[in-house]
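Notes follow the structure.
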There are 4 protein chains.
Amino acid sequence: MPDPDPPVSPPPAPSSSDGDAPRWRRRKGARPQEIVAAAMDVFAERGFAAARLEEVAARAGVSKGTLYLYFPSKEELFKAVIRAAILPNLERAERMIAEVPEPSFALLERLLAMVAEVIATTRAAVIPKLVIAEAGNFPELAAFYHREVIRRGFGLLAALLQRGIDRGEFRPVNVEHTVRLIVAPLLLSAIWRTAFDRVDGTEPLDVAALVATHRDHLRRVLVAEGDAP
Amino acid sequence: MPDPDPPVSPPPAPSSSDGDAPRWRRRKGARPQEIVAAAMDVFAERGFAAARLEEVAARAGVSKGTLYLYFPSKEELFKAVIRAAILPNLERAERMIAEVPEPSFALLERLLAMVAEVIATTRAAVIPKLVIAEAGNFPELAAFYHREVIRRGFGLLAALLQRGIDRGEFRPVNVEHTVRLIVAPLLLSAIWRTAFDRVDGTEPLDVAALVATHRDHLRRVLVAEGDAP
Amino acid sequence: MPDPDPPVSPPPAPSSSDGDAPRWRRRKGARPQEIVAAAMDVFAERGFAAARLEEVAARAGVSKGTLYLYFPSKEELFKAVIRAAILPNLERAERMIAEVPEPSFALLERLLAMVAEVIATTRAAVIPKLVIAEAGNFPELAAFYHREVIRRGFGLLAALLQRGIDRGEFRPVNVEHTVRLIVAPLLLSAIWRTAFDRVDGTEPLDVAALVATHRDHLRRVLVAEGDAP
Amino acid sequence: MPDPDPPVSPPPAPSSSDGDAPRWRRRKGARPQEIVAAAMDVFAERGFAAARLEEVAARAGVSKGTLYLYFPSKEELFKAVIRAAILPNLERAERMIAEVPEPSFALLERLLAMVAEVIATTRAAVIPKLVIAEAGNFPELAAFYHREVIRRGFGLLAALLQRGIDRGEFRPVNVEHTVRLIVAPLLLSAIWRTAFDRVDGTEPLDVAALVATHRDHLRRVLVAEGDAP
DNA sequence: TATGAATGAGTTTTCATTCAT
DNA sequence: TATGAATGAAAACTCATTCAT
């Protein structure tokens, strides 16, 4: 069952070494995305405060001044990065839910797989780390993320669980807690990838495999009869 | 079964408003800890880069210059904060394991409760957030944390799981993955407390209750016969 | 006695909101003046250094780049503004003097009235403020203004006074000082209009009335018999 | 009649070349005034916008950072300069008025001489230029100056004139206008000193002599019987 | 030891000027 | 001619670190 709706993340920043090309080239349309993509990389590596706009500019292949043509401040650029990474994926998840009238566990399974794929393959995986790190400095951003991502995501999962329970597909678990228990390994995976992968020469985390085990455990927890065939 | 070995975190920073109080001669030995405690607060709120040593000094009730009598740089102070919060708790956990020859699940249960308590009640809960945020800027610190905390913690849990499997107490789960699935909700709890608690007027997370549900789920997953009495 | 020779100041800047008006083909000859007029407004409000060429361009209804088609630098544009406002008025004053063989005090009266009108009604009133403010940064401009405006203006008045004294129309006042005492209230009026009019909710200065009183005082000072009928 | 109450202006900035003295010396008390004095010089020469804090710092013999220990921004430093130059002189003038029950014209004469001396000999002479130049950018400052200096000064002169008229010492002139006509040559003198003195090789303006002539003219205008002995 | 005034390198931000279109 | 995206030098401001006291 191929997923026709691939995970979304900004395109890679252009290589800044265009050789001896003209001093600059008109890129009106593409510039903002390129800058956001470069900024995402730098923020991901350094965090907000330690990120230098000079480096963002260099990776985007533009000058420092150009950043200010598109974003009025470092802070706004940061917010743009967060928004750019979040919104498409969120919409994608909601589309998936709306469309699919599957058995509840199958739907959960697909959601897990989708998020696992995003975490494993896209740069959006750094967003949680960034938001977590800067929640204290940008309460407004924390509130935005809480409202638009966490609350929506949790609500979506809660509805799914409740539906399963109501239909007798799931055991009557504590919905609020279970939502968080479902999400936690995904969060751990995202964080691992952005903070500890390859540290000390360890193997990269196999997110898909971890989430598959998570799914198996969830089946035991949620589905009444335990080991399905 | 009271726990005679309470969770460990640095003492609270002294109120900086000593005013013209009865000039209590300052015990010199306490200074470093006071500074570390104040630094932990500030790093927790702002992150490493955005934390200002001026604020640390103010909260510790000393002058900026004094910080440098005890710590050669901001970076070393940061590391001291991490170490101060981690090591005692780690030793406590290892002591617990070594001493108690309980049934495996009961031991796991006790470990979960202990960590939950640390997360819910001590300032050490901010450490994961700090380390995660700065892993990119301080690879050496990330490696230290990986080696001393994550690897040790994971190893400890893996040993516990393996022992349970070997003894026939646990189903033969994938040990590597299950370790992470056990830890993930604890990480989520710690992060929630330091980044989203009270954001947007939400209720504080009830860590103990969440971890209790987690424990129940784990029992279903790990223990062959499901709900024991 | 109508003045056939009205006060001179650059035309108002065109409204920049041409919208999609009936694409009137732009008369090319007018561009530089439009830019100078817009620049005069912006320099008047902000001073030279704080004036942004972006704002000048916007008010002139052109793009930033276009400014450079007509003026090689901000500095040259500034000088063009000064010149554009000064020269016509200066020529007008000299024409007036040359033409009119009136009694000396009547001529002085007409000069005062003319300058008062320029100050009260044209944008050229900001020139003294601009030149004064930037004299330190543009010694060359200060010298130009001193030579072309101040010296000429002072010389003209000195000649007038001397003629009056020689003819026995005026008392033998100190010419050099009196010239400055005649000019001072005009300068004050110009400055008031551009810096303090309406500040703190005050009434706009009635330049004509002030200068009329000035004229009456001057008559007492200059004319031997005091109150003429 | 010696004036025991000399004109007030900040002390000159210290020479920054202390030879090979220690990197810096503790000057807690004196620093702010030294900085204000240096800033006054630089603002006077360049205007607010074109003044570089680096230059202020250099002239004050301190580093850039030190400025920010005492003044939170360039703008606040500017205001401090204005206030420092204005307030002492204003108080001095009011003291003079309050103390002296002389004939009205003698009092006016003394006031003129005092202001002339301040203009001729102190750095406070640049204040009008600075305020005029930046009134557009700092409306709040313009309002402050209008309220605290202009209104107070004008009110003080108006009261003096009115008293003279009421006592029959002065002719019944238009008080509002005459106040401005009295002030105008002082303003011109201050501006001349700061913008045109020595431009193009001219002689410095002899402020005292100019004001003496002004005084003579005022006597003709104000005092009923004309030429007193 | 302790202080905190002073430093200065480093970062964000602005804006006159250039130049491909 | 005209545009406006792009540049980059310059300037305000910050803050870890030093050091005279």
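Since we're looking at a predicted model, the values are computed, not measured. Chain identifiers are assigned alphabetically (A, B, ...) following the order of the sequence lines, protein sequences preceding nucleic acid strands; residue numbering begins at 1 within each chain.
Applying the side-chain contact (heavy atoms from CB on, under 4.5 Å) rule to D:A50 yields the partners C:A49, C:N137, D:R46; only residues at least two apart in sequence or on another chain are considered. With sequence neighbours excluded, the residues that form a side-chain contact (heavy atoms from CB on, under 4.5 Å) with B:F138 are B:F48, B:E75, B:F78, B:E134, B:L141. With sequence neighbours excluded, the residues that form a salt bridge (Lys or Arg N to Asp or Glu O under 4.0 Å) with B:K64 are B:E54. When the side-chain contact (heavy atoms from CB on, under 4.5 Å) test is applied to A:A133, the partners found at least two apart in sequence or on another chain are B:A133.
Counting only heavy atoms from C-beta outward, the side chains of C:I86 and C:I127 approach each other to under 4.5 Å. Taking 4.5 Å as the limit, every side-chain heavy atom of B:I82 sits out of range of all side-chain heavy atoms of B:F43. A heavy-atom distance below 4.5 Å is not found between the side chains of B:L69 and B:V62.
In this structure, D:L69 atom CG and E:dT3 atom P are separated by 18 Å, rounded to whole Å. Atom P of nucleotide E:dA5 and atom CD of D:E34 are separated by 15 Å, given to the nearest angstrom. When rounded to the nearest whole Å, the span between CG of C:L67 and P of F:dT1 equals 15 Å. What separates CD of D:E55 from C1' of F:dA10 is a distance of 14 Å, to the nearest Å.
Between the C1' atoms of F:dT21 and E:dT1, the separation comes to 13 Å (whole Å).
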Mind listing the N/O atom pairs, protein and nucleotides 13-16 of chain F, below 3.5 Å?
from   : atom 1 : to    : atom 2 : distance (Å)
F:dC13 : OP2    : D:Y68 : OH     : 2.8
F:dC13 : OP2    : D:K74 : N      : 3.1
F:dC13 : O5'    : D:Y68 : OH     : 3.3
F:dC13 : N4     : D:K64 : NZ     : 2.9
F:dA16 : OP1    : B:A51 : O      : 3.1
F:dA16 : OP1    : B:K74 : NZ     : 3.2
F:dA16 : OP2    : B:L53 : N      : 2.9

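Residue C:R31 places none of its side-chain N or O atoms closer than 4.0 Å to OP1 or OP2 of F:dT1.
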Fill in the blank from the handout: Applying the Watson-Crick and G-U criteria (both distances under 3.5 angstrom) with [ ] for crossing and | for other-strand pairs, one obtains for DNA chain E .||||||||||||||||||||

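Side-chain atoms of C:R123 come within 3.5 Å of backbone atoms of C:A37 as a donor-acceptor pair (strictly under, hydrogens ignored).
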